[in-house]
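Taking it in order: structure first as structure tokens, then the write-up.
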Amino acid sequence: MFTSQTSSFQDSIDVEERDDFDSEEITGYSHKIQLNCYYTIYLYQGTSLTLIDSSLPLEAEPELRTYISRRLSKGALLGGMGNIATVELSIPEQAVGCYCCLLEQERSPEQPDADGNGYVICFMGGSEKGLNLFRLELDKYVQGLHSSLQTPELQNLETEVRPYLSQWYEESVMHIHRVVQLVQSNISFLLHAALSHTLVEVTNSDEKTKADVSRFIKAASLQGLSQQDTTTASLCKAISEDTQSDLIIDCSTSPPTLTNTVSNKFCDDWIQAFLNAAERCNPFLLRQILENFKLKAIQDMNSLKRFVRQAEMSHYALFRCCQFLQGCGNGDVLLQNARAEHSDLPEACSIITVLEEFLRDQAQAQA
């Protein structure tokens, strides 16, 4: 059992060995971003598309417009919901991932029948698979255009809309890469903070860096992945009542100084995978590694819950549970989550207490 577990864990970390993200590897950071990423915005009225602005080559834009028109005619673009697919265009990459979103105009008393009118925003770059990893970020970024798209004339095209559209890749995709570049091998402390719901404070930095770190922690947390909706709230309450200190990232030094750092073997084992992907400047691979990290943590959490249930009836299951915690390298986080989730189950809590004592004894013996 434990051999297959180790193999599965290694498979999660070794995603770059068997995935196809290398085909969209981005080297030469700022230069390559300009070459590989495009945007287009259309005015959509009735059934017609009118080009407002695009960074695509002249010969590629009509091809994209034909594709978008076809999607609209089939009802495949719903207002406010992004759609991601592969498109073939007359650009150096030929086939790229394309994110499209229809932003419908709010109806006014003067135009009560303006249904279907609005703007279609398209972002192109990387692959369909890669962009799908950032769907939520792209949806949120497009929604940020609402206040700038009030009139069909778009007199603020040069000052607001175009600068905003041209930054879509930097703002929606590269934030994880920036955080890994910022903290380097200290990334394990951020991963542990995300799993354990520890608050992270960034000091002596600009707002963009603070936002990047906040988004990284949110992306690395298990919120929304747990089978129990109440687990996150219970755990956050438990942490707030604990004596655990916030993780502080002081950016007044280079590299930043981190205090109140906590990690474990599980988080440490992922450091090199993150560093390798960051060195290759591959944000899609970074996101896939982050997703694999979270999924492995969820798998281990579910395994622990199963062992705890079995241990209520079997001493051997309790022994297996101890072995599992010793081998997974993430015992402190798993027990923290388990205690919060089983807070109203006395028998489970007593077993978790035994397991916590076991981990403490193991740590003292190793020290």
Side-chain angles (χ1 to χ4, degrees), residues 9 12-13 29 137 170-171 173-223 232 235-283 285-294 296-297 300-301 328-337 340 359-360 362-364 366-367:
F9 177 63
S12 298
I13 294 182
Y29 185 74
E137 286 88 348
E170 180 74 15
E171 297 299 326
V173 175
M174 291 300 293
H175 55 286
I176 294 175
H177 178 269
R178 287 195 295 269
V179 171
V180 178
Q181 287 288 81
L182 176 70
V183 301
Q184 292 293 309
S185 59
N186 288 329
I187 194 67
S188 61
F189 301 130
L190 273 69
L191 294 172
H192 190 276
L195 290 183
S196 60
H197 299 268
T198 300
L199 295 177
V200 179
E201 180 183 358
V202 182
T203 62
N204 299 308
S205 75
D206 54 33
E207 293 303 314
K208 183 174 183 177
T209 300
K210 291 180 181 179
D212 283 347
V213 172
S214 176
R215 292 167 70 191
F216 179 91
I217 294 297
K218 184 177 181 180
S221 77
L222 302 184
Q223 187 171 1
T232 300
L235 186 56
C236 288
K237 181 180 178 182
I239 295 299
S240 65
E241 296 171 352
D242 201 356
T243 57
Q244 190 170 0
S245 301
D246 298 352
L247 173 63
I248 299 175
I249 304 174
D250 183 359
C251 295
S252 64
T253 61
S254 183
T257 302
L258 278 69
T259 55
N260 301 328
T261 55
V262 180
S263 187
N264 58 27
K265 185 179 183 301
F266 177 78
C267 294
D268 291 345
D269 284 342
W270 290 83
I271 293 174
Q272 201 55 53
F274 278 96
L275 293 182
N276 289 346
E279 184 178 351
R280 288 145 63 176
C281 201
N282 192 326
L285 177 56
L286 269 174
R287 185 53 174 265
Q288 185 63 66
I289 291 171
L290 187 61
E291 293 301 315
N292 287 3
F293 165 82
K294 291 161 55 178
K296 179 56 181 169
D300 286 351
M301 194 177 300
C328 74
N330 201 24
D332 58 332
V333 169
L334 298 182
L335 287 176
Q336 192 179 60
N337 280 271
L359 280 189
R360 278 196 297 268
Q362 289 292 317
Q364 292 174 358
Q366 291 174 2

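Values below: every heavy atom of this structure, side chains too, minus hydrogens, waters and symmetry copies. Treat the numbers as computed from the prediction; the structure is a model and nothing was measured.
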> Is the closest side-chain donor-acceptor distance between Thr209 and Asp206 under 3.5 Å?
Replying inline: yes

Ala220 and Ala194 have their tightest heavy-atom pair at CB-CB, 3.6 Å

Discussion item. Side chains of Asn330 and Lys296, heavy atoms from C-beta outward: is any pair under 4.5 Å?
Written reply: no

message = Counting C-beta onward and ignoring hydrogens, is there a side-chain heavy-atom pair between Gln181 and Cys281 closer than 4.5 Å?
response = no

Sorted by chain and residue number, the side-chain hydrogen bond (donor to acceptor under 3.5 Å, both in side chains) partners of Ser205 (sequence neighbours excluded) come out as none

Check your understanding: Is a salt bridge present between Asp212 and Lys208, judged by a nitrogen-to-oxygen distance below 4.0 Å?
Key -> no

Q: Starting from the C-alpha separation in whole Å, work towards a yes-or-no answer on side-chain contact (heavy atoms from CB on, under 4.5 Å) for Val333 and His192.
A: CA-CA 8 Å; Val333 169; His192 190 276; 3.6 Å; yes

Separation between CG (Asn260) and CG (Leu247), nearest 0.5 Å, reads 7.0 Å

In this structure, CD1 of Ile249 is separated from NZ of Lys210 (nearest 0.5 Å) by 11.5 Å

Problem - Stepwise side-chain contact (heavy atoms from CB on, under 4.5 Å) test for Ile187 and Phe216 - result: CA-CA 10 Å; Ile187 194 67; Phe216 179 91; 3.5 Å; yes

Checklist entry - Is a side-chain N or O of Asn204 found less than 3.5 angstrom from the main chain of Asp250, in a donor-acceptor match? => result no

Between Leu191 and Leu290 the two heavy atoms that sit nearest each other are CD2-CD1, 4.0 Å

* Using modelled atom types only, decide if a donor and an acceptor are shared between the side chain of Lys294 and the backbone of Ala219 within a distance under 3.5 Å. => yes

Minimal heavy-atom distance between Phe274 and Val180, with the atoms involved, is O-CG1, 3.9 Å

| For Gln184, does the CD atom sit with more than 12 other heavy atoms under 6.0 Å from it, leaving out its own atoms? | yes

Requested in this report: Any chance you could lay out the side-chain contact (heavy atoms from CB on, under 4.5 Å) test for Val200 and Val213, step after step, and finish with the verdict?
Outcome: CA-CA 8 Å; Val200 179; Val213 172; 3.9 Å; yes

- Item | Between Asp332 and Asn264: side-chain donor-acceptor atoms closer than 3.5 Å | yes

- Task: May I ask you to test the Cys267-Leu195 pair for a side-chain heavy-atom distance under 4.5 Å?
- Result: yes

Does the side chain of Trp270 come within less than 4.5 Å of Asn292's, by heavy atoms?
yes

When every non-hydrogen atom of Leu286 is compared with those of His177, the smallest separation belongs to CD1-CA, 3.5 Å

Between Leu190 and Val179, is any pair of side-chain heavy atoms under 4.5 Å apart? yes

Taken to the nearest 0.5 Å, the spacing of Ile271 CD1 from Ser263 OG works out to 6.0 Å

Asn276-Gln272 side chain donor-acceptor pair, cut-off 3.5 Å: yes

Per side-chain hydrogen bond (donor to acceptor under 3.5 Å, both in side chains), Ser188 is matched among Thr261, Asp268, Asp269 by Asp268

In short, Ser245 meets Thr198 closest at the heavy-atom pair O-CG2, 3.6 Å

Can any side-chain N or O of Thr253 pair as donor or acceptor with the backbone N or O of Thr257 at less than 3.5 Å?
yes

